[in-house]
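Here, residue 1 is the first one in the sequence, and each next residue gets the next number.
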Amino acid sequence: MNQTTHTILPAENYSISDIERDTGLSKMTLRMWEHRYGFPNPQRDAQGNRSYLQSDLDKLVVIKRLLVAGYRPSKVARLSLDELHALSKTAQESGSERHSRKTKNGQTLDIEWIQWLKDNESERFRRAVQQQLVKYGLAATIENIISPLAREVGVAWMHGELSVFQEHLFTETIQGILRDAMTAIDIKLPDEIRTPRVLLTTLPQEKHTLGLLMAECFFALENCERLSLGADTPLSEILAAAGELNADIVAIGVSTHAPVQEVIQNLKQLRQNLPVGTALWMGGNAALFNSKRLPANTVFFRKAQDIIEALAAWRAKREAI
């Protein structure tokens, strides 16, 4: 298999912000690994700022791919670059075959879509998604096209078939399409009080928002008022916003590679401190679904479409009060 070359502009050293941008690993994670595993082990400049080498960046790119594949940081952080590449190859060979596949309603998710991203044919890719949107509608397109595509893109990136910028371009393209779709929905819906009021965000250090945006689309389809805080919101700010904005529901998006233990701890803090009557909903990380450690009265979604049923139950309960 041809590997996408990770091309970086020539540089002697990289700042911690450079590393965060090019790998998707947060600054907090990089500092934690430095103290816990001894890698990365950056140099310091005259001002005491961390300075990383090209070799550090190369290793961290492969490590991030392995984390997406399910490996723990403790198992990979101390490996050499050659050992990391060998492990990545093993993960690749054990992965499922990715060819044309049929979705629930017979739509085809073709490997050609991923090839367009590899070939930097972003406009062709964008038009194809928009055509699906016109043909099948927003809900079906998210469930049967966008969500599976997001998983395939993650696997392709992990295997080195897509570069960082190509993965980012995919995300930005899809986000633009979904935001335009929600704007069109809001214009068409009657001008009336929308309920429930839903506050959408991600937990601290969680920068992935595509899943959250897909969930917001279903809230839009159900004529909910949406209050989006974006990504990486401190718990104190989530709680403040929930109270001051009178949110009926706080919806949290969690990516598949988020650390489960930290997520559960944050959710428990939210559940304990949210205003009485404010629901806590979340989705994204399947590893959390059957966890007995989730706080009581937390609603978890395997897929964004489940929001429709949950909203029907929420409204029925509210009407009964």
Side-chain angles (χ1 to χ4, degrees), residues 3-9 11-45 48-85 87-88 91-92 150-151 153-172 201-212 230-234 253-263 265-266 284-285 287-288:
Q3 296 287 316
T4 298
T5 303
H6 186 76
T7 303
I8 301 295
L9 293 175
E12 289 286 334
N13 302 95
Y14 300 93
S15 69
I16 193 168
S17 294
D18 294 332
I19 297 295
E20 181 181 46
R21 179 196 64 221
D22 291 336
T23 66
L25 295 167
S26 70
K27 295 175 184 177
M28 179 177 291
T29 295
L30 293 167
R31 296 188 187 104
M32 180 182 69
W33 289 1
E34 179 183 336
H35 293 292
R36 185 172 296 178
Y37 308 122
F39 176 82
N41 185 22
Q43 303 172 23
R44 302 276 182 157
D45 62 18
N49 298 316
R50 289 171 172 80
S51 179
Y52 299 82
L53 301 175
Q54 179 69 53
S55 57
D56 295 326
L57 177 57
D58 291 341
K59 284 184 63 173
L60 287 167
V61 167
V62 183
I63 287 173
K64 178 61 183 293
R65 290 172 180 161
L66 289 169
L67 295 182
V68 173
Y71 288 88
R72 295 179 178 275
S74 59
K75 299 297 183 182
V76 297
R78 297 186 178 93
L79 298 179
S80 68
L81 184 57
D82 287 342
E83 290 172 325
L84 290 169
H85 279 308
L87 195 59
S88 181
Q92 174 181 332
R151 290 192 292 270
V153 167
V155 173
W157 178 84
M158 191 275 289
H159 289 162
E161 298 167 11
L162 291 174
S163 66
V164 172
F165 86 81
Q166 288 169 328
E167 189 271 340
H168 286 185
L169 186 58
F170 162 78
T171 300
E172 290 299 317
T201 189
T202 71
L203 297 170
Q205 303 304 317
E206 175 62 81
K207 300 183 183 299
H208 296 81
T209 59
L210 183 55
L212 189 71
D232 192 15
T233 306
V254 182
S255 63
T256 56
H257 49 77
V260 173
Q261 185 173 352
E262 289 182 25
V263 169
Q265 290 175 348
N266 286 328
N285 190 334
L288 291 164

Min side-chain heavy-atom separation Pro204-Asn266 under 4.5 Å: yes

side-chain contact (heavy atoms from CB on, under 4.5 Å) evaluation trace for Leu30 with Tyr52: CA-CA 11 Å; Leu30 293 167; Tyr52 299 82; 4.3 Å; yes

Candidate pair Phe39 and Leu60, rule side-chain contact (heavy atoms from CB on, under 4.5 Å), full reasoning: CA-CA 9 Å; Phe39 176 82; Leu60 287 167; 3.7 Å; yes

Results of salt bridge (Lys or Arg N to Asp or Glu O under 4.0 Å) for Glu20 - residues two or more places apart only: Lys207

Polar contact flag, side-chain donor to acceptor under 3.5 angstrom, Asp58-Gln54: yes

CG on Leu66 to CZ on Arg72, rounded to 0.5 Å: 14.0 Å

Identify every side-chain donor-acceptor pair in residues 74-81 under 3.5 Å, counting partners at least two apart or on other chains, and give the distances.
residue: Arg78; atom: NH2; partner: Arg36; partner atom: O; Å: 3.3
residue: Ser80; atom: OG; partner: Glu83; partner atom: N; Å: 3.2
residue: Ser80; atom: OG; partner: Glu83; partner atom: OE1; Å: 3.3

Side chain to side chain donor-acceptor pair (under 3.5 Å) against Thr201, all qualifying residues, sequence neighbours excluded: Thr233

Flag, side chain of Glu167 to backbone of Val153, donor-acceptor distance under 3.5 Å: no

Heavy atoms of other groups near Met32 CE, more than 12 under 6.0 Å: yes

Side chain proximity check, Glu34 to Arg50, heavy atoms < 4.5 angstrom: yes

Heavy-atom side-chain proximity of Gln205 to Thr29 below 4.5 angstrom: no

Backbone N/O of Leu212 and side chain of Thr209: donor-acceptor pair under 3.5 Å: no

Under 3.5 Å: donor-acceptor pair, side chain of Glu206, backbone of Leu203: no

Any Leu25 side-chain heavy atom under 4.5 Å of Trp33 side chain: yes

Asn13 side chain to Leu53 backbone, donor-acceptor under 3.5 Å: no

Check: Leu57 and Thr23 side chains under 4.5 Å, non-hydrogen atoms: yes

Closest non-hydrogen atom pair between Thr202 and His208, with its separation: CG2-O, 3.6 Å

